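To keep things clear, I will list the structure first and then write my remarks on it.
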Amino acid sequence: MVTAKTGVPAADKPRFARGTTPAKALVQLAKEGATGALTVHGEPGGVLFLRDGRVNGCESPAAPSVDRLLTAAEVVDERVWETIPSRPARALVEGGHVTAAEIELCALQALYDAAFFVLSTARAELRFDEGIEHWLGADGTVTADQVCDSVARQRRMLDEVHPSEATDLAPVVPVLRPGLDRVLLSGLQWEIVLHADGRRTPQELAGLLGRSAYAVTLDVRRLAAAGLVTPPSPEEPSTAEEPLSVVPPEPAPTPQEEPPAEPLPHRVPGTFTFEEPAAPRGRRELPAGVSALAVLPGAIDKSPDDSLLKRIRAALQALR
């Protein structure tokens, strides 16, 4: 049997042992000097592209691709991508849209960003297709060991910031009242809090903002550690509705006479204090000096009691 794309016998395709992780499969292909695409099925999953045993591209649904990063950074207009042919890296440089250094740097950033999520996919199903190259056509490549070391370093950074993985793939819910007097945020953290709506995951926020998905995931952990965001609370189990009991209607209340309206207090001219209305019959009168209205502190323009000040001063002198 021969594959339609490459003409390579299907029996010659590398086969992975059961339970092989994406990282081990990548290292195995690198040792064989393979060229093609390693597809990782799972959540979030993705594809790693190899050329002669070196990694030259990576794509994942969890991370923005090169075109999204360049468009969000306003380096390449979105309409330009519609006119660029396949393998557009050379065409972008020749057209003066980017320099060779810019396209290589952006391609490597997208590679490492997506590789973190691809190699972190648990219980993945693996498939390798020979001869398939990355769509960008960039020249830069890195070794499989460099990619694996970067992913291990990124995982350590996440755990050092906040040990919980609850916010990594879950929708980001901002905490409306974190109980902090002042909050100092970076620019990216502010964008995350501003666009977090309880439905978008960190990876979806990264795609919306055109930012590194790993950087957003890392800052979401920082925000979670500070108590500014939280994963959504689990939905409470629905309880069965109880049958409604028939309750006889209560008899209509007999009309009663409304009590006479109490007079409103009058403001003392030139001040913010109020005179007490005349106490109605049967109502307990308040003690002298106690107001029936709550007045804001500092609203009363009244000189302090001189006798009280003298007593406080005498008490302080006695303590000396």
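The shown structure was predicted, so the numbers you read here are calculated from the model rather than taken from an experiment.
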If Ile, Leu, Val, Met, Phe, Trp and Tyr residues are connected whenever their side-chain heavy atoms lie under 4.5 Å apart, and connections chain through other members, are Leu158 and Val151 in the same group?
yes

To the nearest 0.5 Å, how far apart are CG in Leu108 and CD1 in Ile103?
10.5 Å

Point-to-point distance, once rounded to the nearest 0.5 Å, from OG1 of Thr143 to CG of Leu50:
11.0 Å

Backbone of Ala166 reached by a side-chain donor or acceptor of Arg221 within 3.5 Å
no

Distance from Leu228 atom CG to Leu176 atom CG, nearest 0.5 Å?
11.5 Å

Exercise: identify the closest heavy-atom pair between Ala144 and Ala30
CB-CB, 3.7 Å

Is the side chain of Arg200 donor-acceptor paired with the backbone N or O of His195 at a distance under 3.5 Å, no angle test?
yes

Do Val93 and Leu105 land in one hydrophobic cluster if side-chain heavy atoms of ILVMFWY residues count as linked below 4.5 Å?
no

Do Ser65 and Asp67 have side-chain N/O donor and acceptor atoms under 3.5 Å apart?
yes

From Leu126 CG over to His41 NE2, what is the distance, rounded to the nearest 0.5 angstrom?
8.5 Å

For a quick test of reading the model, state the closest non-hydrogen atom pair linking Gln154 to Tyr214 and the distance between them.
O-OH, 2.8 Å

Report the residue from Leu223, Thr230, Leu180, Val193 that forms a side chain to side chain contact (heavy atoms under 4.5 Å, CB included) with Val175.
Thr230

Consider side chain to side chain contact (heavy atoms under 4.5 Å, CB included). Of Leu48, Thr39, Leu38, which one does Phe128 pass it with?
Leu38

Looking only at heavy atoms, which two atoms of Val147 and Ala115 are closest? And how far apart?
CG1-CB, 3.7 Å

Are Val40 and Val142 connected into the same hydrophobic cluster when the rule is that any two of I, L, V, M, F, W, Y join if their side-chain heavy atoms are below 4.5 Å apart?
yes

Would a hydrophobic clustering, with Ile, Leu, Val, Met, Phe, Trp and Tyr connected at side-chain separations under 4.5 Å, put Val216 with Val161?
no

Is atom CD of Gln146 surrounded by more than 12 heavy atoms (other residues, nucleotides or ligands) closer than 6.0 Å?
yes

If you compare all heavy atoms of Val118 against all heavy atoms of Val47, which two are closest, and at what distance to 0.1 Å?
CG2-N, 4.2 Å

Could you report the tightest heavy-atom contact between Gly45 and Pro61, atom names first, then the distance?
O-CD, 3.5 Å

For the OG1 atom of Thr99 and the CD atom of Glu104, what is their distance to the nearest 0.5 Å?
10.0 Å

Linked, directly or transitively: Trp135 and Leu69 (ILVMFWY side chains, under 4.5 Å)
no

Distance, nearest 0.5 Å, that separates CG of Leu205 from CZ of Arg199:
11.0 Å

Do Glu32 and Leu29 come close enough that some side-chain heavy atom pair is under 4.5 Å?
yes

Restricting to non-hydrogen atoms, name the atom on Asn56 and the atom on Ala138 that form the minimum distance, rounded to 0.1 Å.
ND2-O, 4.1 Å

Per side chain to side chain contact (heavy atoms under 4.5 Å, CB included), Pro231 is matched among Val220, Thr167, Leu169 by Thr167

Between Asp219 and Arg222, is there a salt bridge with N-O shorter than 4.0 Å?
yes

If you define the side chain from C-beta out and look only at heavy atoms, does anything of Trp190 sit under 4.5 Å from Val183?
no

So, Asp139 and Arg90, do they make that salt bridge, N to O below 4.0 Å?
no

Set out, in order, the CA-CA distance, both residues' side-chain angles and the distance that settles side-chain contact (heavy atoms from CB on, under 4.5 Å) for Glu43 and Arg123, then state yes or no.
CA-CA 9 Å; Glu43 183 62 36; Arg123 298 182 296 276; over 6 Å; no

